[in-house]
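First listed ligand is number 1; within each ligand, the first listed atom is number 1.
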Amino acid sequence: MMAAVRHFDTAPELKVRSFLHRAGFRFRVHVKNLPGRPDVVLRRYRAVVRIHGCFWHGHEGCRKGLLPSTNRDFWSQKIKRNRARDQRTGRELQAMGWRVLTVWECDVRTTRAPFVLRRLAEMVAASS
Ligand SMILES: [Zn+2]
């Protein structure tokens, strides 16, 4: 059941994409030829946005990032690997000159969402 780790087009991801689109940004999604296949790539701004699920990407200090009580070792190893991959691909992207912006699932699932999204748009537009 859990073999396919990547969850494409999740609700938080669609929310971020539709917000950016409405704000006038143009981008490509799930770009295969970039490290980690970033969720959103804004070439004009030399920025990528990664929308991370709190559980799969081990969001620290987040309730949604907590491990289940069963099979703890299995999940903790798996999520450790995901985090290591996120860090590695983030460094690779930066080395290629990309700015890497991360949005956490929990940030766009609460009433903070409008603030988080406006801030994201500012950061994307901040430099290029
Ligand atoms: Zn979170």
- Query: Tell me, do F55 and C62 make a side-chain contact under 4.5 Å, heavy atoms counted?
  - Reply: no
- State plainly whether the residues E105 and K15 are in salt-bridge range, i.e. N to O under 4.0 Å. no
- Query: Is any side-chain N of the basic residue among R118 and E122 closer than 4.0 Å to the acidic one's carboxylate O?
  - Reply: no
- List for me each residue that meets side-chain hydrogen bond (donor to acceptor under 3.5 Å, both in side chains) alongside R50, sequence neighbours excluded, and say none if there are none. T89
- Message: In this structure, is the centre-to-centre distance between the rings of F25 and Y45 below 6.0 Å?
- Response: yes
- Please list, in chain and residue-number order, the protein N/O/S atoms closer than 2.8 Å to the Zn ion (ligand 1). C54 SG, H59 ND1, C62 SG, C106 SG
- Message: Nearest 0.5 Å, please: how far is CG in D107 from CZ in R109?
- Response: 11.5 Å
